[in-house]
**Q** 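Have a look at the structure that comes next, please.
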There are 2 protein chains.
Amino acid sequence: MLQMYDLAGADESIRFSPYCWRVRMALAHKALECDFIPWHFTEKDRIAFSGQGMVPVLVDGETVVSDSWKIALYLESRYPGKPLFGCDESRALALFVKHWVERVVHPLVVRIVVRDVWERLHDQDKTYFRESREKRFGMPLDEVIRQRDQTAARLREALDPARAALDSQPFLCGQSPAFADYIFFSALQWARCASPYALLEASDPVAAYRERMLDLFDGCARRMPAAAQPGIL
Amino acid sequence: MLQMYDLAGADESIRFSPYCWRVRMALAHKALECDFIPWHFTEKDRIAFSGQGMVPVLVDGETVVSDSWKIALYLESRYPGKPLFGCDESRALALFVKHWVERVVHPLVVRIVVRDVWERLHDQDKTYFRESREKRFGMPLDEVIRQRDQTAARLREALDPARAALDSQPFLCGQSPAFADYIFFSALQWARCASPYALLEASDPVAAYRERMLDLFDGCARRMPAAAQPGIL
């Protein structure tokens, strides 16, 4: 059975890492069973065997792979059924989507959810997390959160290219979802699992897309505990 | 022989429309010969047969297609050799790239090149062009241009997702270029053909990418008259 080390909150049922969510969705896409092992930020020793200190870490027998993109390539190579990429070109374009998500979407989402993430962390993670994030943002988390509504407005505007693409197809990858969708959706799911803040407006086509993604694979992403309230987007 | 109505300057050898460039590159990709007919903004009557007033307009015997994306789909369907899209998924992801280019890249490029485009237009186009663009920007073209260096800095930052993808592959579409590359490159070629302004820094990997694109198909994009000076990026 595959194993994946998965970032967890103090309540270990809360799993919010966008990078871990990409892999979780990729595994569901390929119908691969996996044991998701809860892990906390400061438990570097528990994944030292992977040669680095971040999750996701996938363990497949003797094989250890870290980094969500490398894990996707590994899964595609080792378990080629139900492909995550339709062809070489779509894998290359999924890499562009990955960089768009990481450089445009994530920096805005993190500023919306960071204090809620902090509140949900294990006590042992809280000091590390607050100090590293306050250093990154150059301001206290409370100040980041005071700007949250403006950040959400910027995020909604930044999602415009995805919104426009979703106007003519149900998924970024077309008629059915593939890895580029899991990359993008995982940024939304990160917020949904960690924060009650309404990231999107109810009428936003991206919110309808998120619902479609939550329905996939028997609702595997919808069933996970979320901080977002039912009916709140 | 295919015909394409192609936006031209007063000097009809100057062809700068990014939408027309997409089709020109797609035709070169498929090794299809085409007669590129110079057209000016105010010559709506000359393309009235297409049922709308914008170029590119492709004429293939009895078939008339306008809109660069629809033309690409038409060419792919009618001339399936040398595909513009590797698979359905990459076509869907190319649509995301299209919207990213049109909603993020074009609005910045236009503010850098707009006065140079205006200077190169046929006299009959100049009043229409200046009035419509000043209305769009809410300010005189000279004021738009006074902000040009700041706009270029924003553009270079906005190109970050493409730059990151090009760090691990020579083209957005992977090891060889396809339609998503023509969409992105055409935004750069628009500036190169219309303006001597140095859009990119010499050390920018996106500039190296542009060189690779200019080399394609026996240098078909490099051979076209450019306002950019040799050695100026």
Side-chain angles (χ1 to χ4, degrees), chain A residues 29 67 69-70 72-73 76 82-108 154-185 187 205-206 209, chain B residues 29 67 69-70 72-73 76 82-108 154-185 187 205-206 209:
Chain A
H29 178 105
D67 180 285
W69 180 257
K70 287 182 184 159
L73 299 182
E76 194 71 345
K82 300 178 184 163
L84 293 169
F85 307 104
C87 61
D88 287 352
E89 184 188 323
S90 61
R91 189 184 60 232
L93 291 172
L95 188 64
F96 172 77
V97 172
K98 167 184 145 74
H99 288 301
W100 175 74
V101 167
E102 293 178 5
R103 286 152 194 268
V104 177
V105 181
H106 280 192
L108 295 168
R154 286 172 59 206
L155 172 68
R156 291 164 191 169
E157 187 183 338
L159 297 183
D160 215 30
R163 190 176 291 116
L166 295 169
D167 192 44
S168 46
Q169 53 199 31
F171 301 100
L172 294 184
C173 293
Q175 293 304 309
S176 53
F179 197 61
D181 285 291
Y182 307 141
I183 293 171
F184 179 45
F185 165 72
V206 179
Y209 164 79
Chain B
H29 179 106
D67 181 283
W69 181 256
K70 287 182 184 158
L73 299 182
E76 194 72 344
K82 300 178 184 163
L84 293 170
F85 308 104
C87 61
D88 287 352
E89 184 188 322
S90 61
R91 189 184 62 233
L93 291 172
L95 188 64
F96 172 76
V97 172
K98 167 185 145 72
H99 288 301
W100 175 74
V101 167
E102 293 178 5
R103 286 154 194 265
V104 177
V105 182
H106 280 193
L108 295 167
R154 286 172 59 206
L155 172 69
R156 290 164 192 169
E157 187 184 338
L159 297 182
D160 215 30
R163 189 176 292 118
L166 294 169
D167 192 45
S168 47
Q169 54 199 30
F171 300 100
L172 294 183
C173 293
Q175 293 305 309
S176 52
F179 197 62
D181 285 291
Y182 307 142
I183 293 171
F184 179 44
F185 166 72
V206 180
Y209 165 78

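Side chains are part of it too, since the values below use all heavy atoms of this structure and drop only hydrogens, waters and symmetry mates. Quick caveat, the model's predicted, so the values are computed rather than measured. Chain letters run A, B, ... following the sequence lines, proteins first and then strands; every chain starts at 1.
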**Q** Can you tell me if B:Arg154 has over 12 outside heavy atoms packed within less than 6.0 Å of its CZ?
**A** no
**Q** Between B:Glu89 (side chain only) and A:Ala178 (backbone N and O only), is there a donor and an acceptor less than 3.5 Å apart?
**A**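 Here the side-chain-to-backbone pair does not exist.
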**Q** Select one option (side chain, backbone, both, neither) describing which atoms of A:Ser176 are under 4.5 Å from chain B's heavy atoms.
**A** neither
**Q** What do you reckon, is CZ of A:Arg156 surrounded by more than 12 foreign heavy atoms closer than 6.0 Å?
**A**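 Atom CZ in A:Arg156 is crowded, with more than 12 foreign heavy atoms closer than 6.0 Å.
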**Q** Restricting to non-hydrogen atoms, name the atom on A:Ala165 and the atom on B:His99 that form the minimum distance, rounded to 0.1 Å.
**A** N-CD2, 3.5 Å
**Q** Who wins among A:Ala94, A:Ala164, A:Gly86, A:Ser168 for the most heavy-atom pairs under 4.5 Å with chain B?
**A**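 Highest number of heavy-atom pairs under 4.5 Å: A:Ala164.
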**Q** Answer yes or no: is there a side-chain heavy-atom contact under 4.5 Å between B:Gln169 and A:Leu95?
**A**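 They are in contact (side-chain heavy atoms under 4.5 Å apart), so the answer is yes.
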**Q** Non-hydrogen atoms of chain B under 4.5 Å away: do they reach the side chain of A:Val104, the backbone, both or neither?
**A**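 Looking at A:Val104, just its side chain touches chain B.
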**Q** What part of A:Ala180 gets closer than 4.5 Å to chain B, counting heavy atoms only: side chain, backbone, both or neither?
**A**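 Contact with chain B is through the side chain of A:Ala180 alone.
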**Q** Could you tell me the separation between the CZ atom of B:Phe179 and the CG atom of A:Leu93, rounded to the nearest 0.5 Å?
**A**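 CG of A:Leu93 is found 12.5 Å from CZ of B:Phe179.
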**Q** Checking side-chain contact (heavy atoms from CB on, under 4.5 Å) against B:Cys87, which of A:Pro83, A:Cys173, A:Cys87 comes through?
**A**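 That would be A:Cys87.
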